[in-house]
2 protein chains.
Amino acid sequence: MKLSNSYFYTMRENAKDEDSVSGNLLVRAGMIKKSSAGIYMIMPMGKRVLKKIEDIVREEMDAAGAQELLMPALIPEEVYEISGRRDAFGSNMFALKDRYQKNYVLGPTHEELFTLAAMMKGRSYKDFPYNLYQIQTKFRDETRPRYGLIRTREFIMKDAYSFDIDNEHLHESYMKMFDAYKKIFDRCDLNYKIVKADTGAMGGSLSEEFQAICDVGEDVVVTCEHCGFSSNLEITEVVDRAEECREALKTMEIVETPNAKTIEEVAKFFDKSCDDFVKTLIYNVDGKIYAFLLKGTRELNETKVLKLLQANEMELASFEEVERITHAKVGFAGPIGIDCPIIMDREVSYMKNFIVGANKSDHHIVNVNLQDFEVEMCADIAQVHEGDVCPVCGAPLSFCKGIEVGNTFKLGNKYAKALGLEYLDANNTLHPVEMGCYGLGLERTLASIVEQHHDDDGIIWPLSVAPYQVAIVIVSMKDEEQVRIANELYETLKAEGYDVLLDDRKERPGVKFKDMELIGIPYRITVGRGIAQGNVELRARGAHENEEVAIENVVTYLQDKLQ
Amino acid sequence: MKLSNSYFYTMRENAKDEDSVSGNLLVRAGMIKKSSAGIYMIMPMGKRVLKKIEDIVREEMDAAGAQELLMPALIPEEVYEISGRRDAFGSNMFALKDRYQKNYVLGPTHEELFTLAAMMKGRSYKDFPYNLYQIQTKFRDETRPRYGLIRTREFIMKDAYSFDIDNEHLHESYMKMFDAYKKIFDRCDLNYKIVKADTGAMGGSLSEEFQAICDVGEDVVVTCEHCGFSSNLEITEVVDRAEECREALKTMEIVETPNAKTIEEVAKFFDKSCDDFVKTLIYNVDGKIYAFLLKGTRELNETKVLKLLQANEMELASFEEVERITHAKVGFAGPIGIDCPIIMDREVSYMKNFIVGANKSDHHIVNVNLQDFEVEMCADIAQVHEGDVCPVCGAPLSFCKGIEVGNTFKLGNKYAKALGLEYLDANNTLHPVEMGCYGLGLERTLASIVEQHHDDDGIIWPLSVAPYQVAIVIVSMKDEEQVRIANELYETLKAEGYDVLLDDRKERPGVKFKDMELIGIPYRITVGRGIAQGNVELRARGAHENEEVAIENVVTYLQDKLQ
C-alpha cells in the first residue's frame, strides 16, 4: 500500500479513555477506534492484523480436521431456556424483541445451536467423530468493559465443538484441539500458560485456559515452578494441612470492643494476630442469605462457593440484610446466634479459641470453638495466597497475571441430553453424544500480542501477524532518484508476495520513522542519501541500529529474514 | 475432504417450509438450515461457497483500492437519531437496551459509523479520496422474511463507502465501484441487469441496482429491448403522453349502483370500460390521510408517493378511517366531498366525463370533470405497465423479475453535513465531503446463483464458487484397487491446489451420484470397473454423458477444464 494515496492516520497523544497499554497503542496506531463502551471499530490497519490471526486460526482448525460453518447471532431466547442456561447468563446476555414481540438474544456462545446442527447428520455410531467451528461475532453485556480489546461487549470468537460417542474419543478430539491451540498461540508469538480452570456456566468435566501472561491480565495464574503445576486462582485448592492446634479449649466470653471494627483493629485490641480471628462474611447467593467463615487472613473464593452451592450468582448482602440477620450494625457478624446457614472454610476447622463478631454492635466474642455453633457445610472456600503450598508437590506457589485468550472444555453430555442429541451403538442402543467445546478470542489475542510486544515507541508486531512485513520510507520526496528506487523496491517485494507499505507521504522523515515504529512494522527500508553510494538502510523494529545494505542485495537479504 | 470421515448430509425430500427453489435446494444439499424466521445457519458445505464469494468480493474491492475495516453491529441508537434515519428505519431496525438501560440498535447499514471513521483522517483536500469497506453481518427486522437466503433478517453484506471532495471525484470513485461490481457478478456467473432505482431512505442523487434475473425476484425490472433502458418498476415513469380527450363536458350526475362495488362491476353497470373510471385510494402516510386518484386500470406506486411527499411509511387507511373520511362504506370513495387532501395522477388530468365513487354507500357519480373538485398535487404516481412506452425511446417496455444483489449510491453530502465531515480546500475554506455507498449481499448472491444454476437433480455451481471443484466417487469400497486409485487421484489433485471431495462412503453408487449432483460439484470422476481397462469416467455437472478417460491422463485433462 502506498500511504500517499490511502486512508491512514496515527495519533501522537495518548488516548484519553484507554486503561491498558494495548488499548492506548492500538488507538494511537489508528488500528482501533472506540464506538461505545466496550465496542470498537477495527480500522483498516488493525483489520489486517485481525485477518492474519483469523487466517492462522482457520489454517490450524482445518489442519485439525474441523469443518467451518457460520451460526447466526440472533437466537430465539427459548433455545437457552431449553438448555437451562438463560438464567446462568442472566443480564450478561443482550436480549431483545422482534417486531412480532418474539424474544431473542444475541448469542454469547453457541453450544445449543451446534448441538441442533449436529442432529442433521446420521445418528449411527459410524457417523462420529466430527468437529465443527465458526469464526463469528459474539455479544456479552459485560458489567465493566475495559482494557481496550481485552474485555469488550462485541467480539469475534472462534468456537469449535466436537462430537464423539464416548469419553475416550472425546479425549482424542480434545487433544487435537488442545494441540491446535498451542500451534496457534505459538505462531502468534504469545507467551502463555495453560491452566486448569473452573467449568462454570458451561458445565462439563474439564476446563483448561490458555492464559497470555501480562500485567493487565484479569486472571491470576497460579504456578509451581518446582513441579510445573498451573491453575487459575479461581479453582486452586488451599491444601488441607490438617494441623490441629494443640491449645486447651478456653471459655467463651463476650467483650465490648469500642472503636474496633476491622480485623486488624480487633486483633490489636485483644493483642492477637489476624490468624486468631475468624471472619464472617454474609452473601446473597441466588437470593438466599449465607454466612461464610474464614480465617482472618483469608479471602472468600466465590468460584468455589458457586460450585459448592451449584449457584449462578452471588453478591455481598445489603446493609439491611446484614442487620436483619445479625441484629447488629454491619461489622459485627459472627457464627453464634446468626439467623442464616453457615458455611465454614476447611482451615477454620483446625482452629481453637478464636475471636468472632458477637452479632451485637461494638462487641466480639473470644475463645470461641467449633462446638459453640453449627455449620451446614465445611469445605475449601478460601482464596489461595502466593507462597501457599502447591497441591501437587508442596513447593511454594507463584502468582502472575494472565489474559484468557483461549479455553478448551470437555462438556460431556450436558447439552446432548438437554437437547436430545443421541446416537445408536452397534447393538442399536441409544446414548447421548459426548461433546467438547473450544473457544478462542481473536481481538483478545491481538491485544495480548501488543501487551507482550511493544516498547516506548509503539507496537512490535511478530512477523506472522504484522499488518505489513516491510515499510519502505522515502526520506525526501523531492529526490526523484529516491522515489524511483523506493518504488522499484516496493514493486519487487510485492511481486515476491510480501505485504509492503511505501511511505511516500510529503512528511518529514522523522514523522515517517515515528509512524512506522508506532504501527510496529517488523522491517524498515530507508531510501535516503545513501543511494549515492548505492545503499539503503535496513532496520528491524526494536533494533537500535541501521544496517547499510546495497540496493541490489536488499531484496535477497530481506527474504532470508522474512522466511 | 474425505466424506467417510466428515460432517456431511443431504436430504432426499423437499424442505417443508421453503418457498423458493434456491431455499429448497440449499436446505436439501445440507448447505443451510433454518434457525428461526428469516435466520439461517450456514452449514459447512454452504460456508465453503460463501467463503468463495467473500474472497471474490474482497479481491475486487482491494483491486479497486478500497481498504477493509470492521464496524460493530451494536450501535448507540443516538447515532441514527443524529443522522435523522432512526424514524426512516422504524421497526425494520432491531432495538435493545443494555444492562444500564442505554438504547442500542443492530446496524442495518453503516453510513453513520463510516462517516465518523472518516473524521479520524486529516481534513485537507489532499487527504482525499479514499474508500473504506467491510464484510460484516447486518440485521433488519423484515416484516415478511422469505425465499430462503433472499430476504432474511440477519445477513452478511459487503458495504463500501467512498469519500471525495466534489461531485466529479465522487463520480470517479462511483465508477470504480460500479466496475468492480460488474467484475464480481461476472465472476459469480450471474445473469443480471443494472437498473436505475429509488434512493429511498439512503438519500442521495443516484442509485443503481444490480438485479439478478429470476422468477423468484421481488423486484420488477423494467427494460426496453429497443434502446437498452432499464429501471426498477418502483421509479419507472409513466410517460406523459398529454393526449387530451376531445369529448365535450357532460353534466355530473349521482347514480345509485346497487351490488356494484369493484371497478369492473361499476364499469359493467354503466356499460363503460375501466379506463373511464377514476379510482380513489385512501392511505395513511406518516400518520396523515390522503386520497390518491388514478385511472381505473392503474395501480398506485408507493415509492413515487413517498418520494413526492418526502415521507417514510404509508399503508392503506383502516376501514374506520375510510368511513370517517368518506362518510360511506368502504368502496365508494371519490374526490367530491371527501375530507382529506387529494393527490391526482398525471394521467387523470387528461380525462373527461369520468366515473368516481360518490362518498355515499352504493352510489357513484358519472360525468365528473377536473373542475368538479380540488387537488393538492398532480404528479406521476402510477405504476407503469408492461407494454407502456419507454421513457427514452418510446418503444414498448418489457418486465422481468430480479433479486437485488447489489446497489450503488451517490449519497452526496447528506451524512457529511449531518455528522460534520468537512474538508479544507486549497483556500482554507470548509466544504462537506461527498460520499458514495456501495452494498452487496453475500447470501443473496449465493441464492441467486442457485436460482439461475440448477436442474431437476440439484445445484450446478459455477466453478468460481463451487464448494469443491471435483468429486471423486468410488463405486465399490470393497474393491481395493478402486480405493487405491481414487485416493491417489485425490492426493494428486489436492497437491495441485484444487478443492477435491472424495466420496469414500460405504453407500451404493447411485446414492453417491445423486448426492454429488444435488450439491452441484462441477466435475465428477467415477472410479469403477473401468479401471480394469485403465479408465475412469469424467462427467461435467449437467452433462448427460460420461467421458472415458485414461487414469494417467485425467489430471491433465481436468486441469485444462479447471483453468
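To find a chain, count down the sequence lines: A is the first, B the second, and so on, and within it residues start at 1.
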Where does B:Met45 contact chain A at under 4.5 Å (heavy atoms): side chain, backbone, both or neither?
neither
Between B:Ala37, B:Gly65, B:Gly30, B:Pro72, which shows the greatest number of heavy-atom pairs under 4.5 Å with chain A?
B:Pro72
Which atoms of A:Phe163 are under 4.5 Å from chain B, going by heavy atoms: the side chain, the backbone, both sets, or neither?
neither
With a 4.5 angstrom heavy-atom cut-off, could you sort out which part of B:Leu132 is near chain A: side chain, backbone, both or neither?
side chain
Between B:Pro76, B:Gly46, B:Ala73, which residue shows the highest count of heavy-atom pairs closer than 4.5 Å to chain A?
B:Ala73
Judged by atom type as modelled, is there a donor-acceptor pair below 3.5 Å linking the side chain of B:Tyr130 to the main-chain atoms of B:Ala118?
yes
Portion of B:Glu142 that has a non-hydrogen atom of chain A nearer than 4.5 angstrom
backbone
Between B:Tyr125 and B:Tyr423, is the ring centroid distance below 6.0 Å?
no
Charged N to carboxylate O under 4.0 angstrom, B:Arg28 versus B:Asp515?
no
Run B:Glu54 and B:Leu442 through side chain to side chain contact (heavy atoms under 4.5 Å, CB included) and show every step you take.
CA-CA 7 Å; B:Glu54 182 184 322; B:Leu442 270 73; 3.8 Å; yes
Pairwise distance CE(A:Met11) to CE(B:Met120) - rounded to 0.5 angstrom
5.0 Å
Could you label the plane-to-plane angle of the A:His110 and A:Phe114 rings as parallel, tilted or perpendicular, counting under 30° as parallel and over 60° as perpendicular?
perpendicular
Can you confirm whether A:Gln67 sits close enough to B:Met1 that some side-chain heavy atom of one is under 4.5 Å from a side-chain heavy atom of the other?
yes
Which atoms of A:Lys51 are under 4.5 Å from chain B, going by heavy atoms: the side chain, the backbone, both sets, or neither?
side chain
Look at B:Leu116, B:Ile75, B:Leu96, B:Leu70 and state which one has the largest set of heavy-atom pairs under 4.5 Å with chain A.
B:Leu70
Contacting moiety of A:Ala95, where chain B heavy atoms sit under 4.5 Å:
backbone
Where does B:Thr10 contact chain A at under 4.5 Å (heavy atoms): side chain, backbone, both or neither?
neither
Assert top hit (heavy-atom pairs under 4.5 Å, partner chain B, pool A:Met71, A:Gln136, A:Glu68) equals A:Glu68
Contacting region of B:Tyr100 [heavy-atom separation from chain A under 4.5 Å]:
side chain
With only heavy atoms counted, which part of B:Tyr40 is less than 4.5 Å from chain A, the side chain, the backbone, both or neither?
backbone
Tell me, side chain or backbone of B:Phe139 under 4.5 Å from chain A's heavy atoms, or both, or neither?
side chain
Part of B:Arg505 lying under 4.5 Å from any heavy atom of chain A:
neither
What part of B:Glu154 gets closer than 4.5 Å to chain A, counting heavy atoms only: side chain, backbone, both or neither?
side chain
Using 30° and 60° as the class boundaries, would you call the ring planes of B:Tyr9 and B:Tyr7 parallel, tilted or perpendicular?
perpendicular
Could you check whether any side-chain heavy atom of A:Glu443 comes within less than 4.5 Å of a side-chain heavy atom of A:Thr152, counting everything from C-beta outward?
no
Per-residue tally against chain A (heavy atom, under 4.5 Å) across B:Ser36, B:Ser4, B:Gly122 peaks at B:Ser36
Scored by heavy-atom pairs under 4.5 Å with chain A, the best of B:Ser35, B:Ala117, B:Pro129 is B:Ala117
Can you tell me which of B:Ile32, B:Thr137, B:Asn92 forms the most heavy-atom pairs within a distance under 4.5 Å of chain A?
B:Asn92
B:Leu74 versus chain A, heavy atoms under 4.5 Å apart: side chain, backbone, both or neither?
both
Non-hydrogen side-chain atoms of B:Phe8 and B:Ile519 separated by less than 4.5 Å
yes
Heavy-atom cut-off 4.5 Å, strictly under: side chain, backbone, both or neither for B:Lys102 against chain A?
neither
Ion pair B:Glu172/B:Lys176, N-O distance below 4.0 Å:
no
Verify side chain to side chain contact (heavy atoms under 4.5 Å, CB included) between A:Leu446 and A:Leu26, making sure each step is shown before the conclusion.
CA-CA 10 Å; A:Leu446 186 153; A:Leu26 288 166; 3.7 Å; yes
Apply side chain to side chain contact (heavy atoms under 4.5 Å, CB included) to residues A:Arg86 and A:Glu77 and explain how you reach the verdict.
CA-CA 8 Å; A:Arg86 181 63 191 94; A:Glu77 186 172 40; 2.6 Å; yes
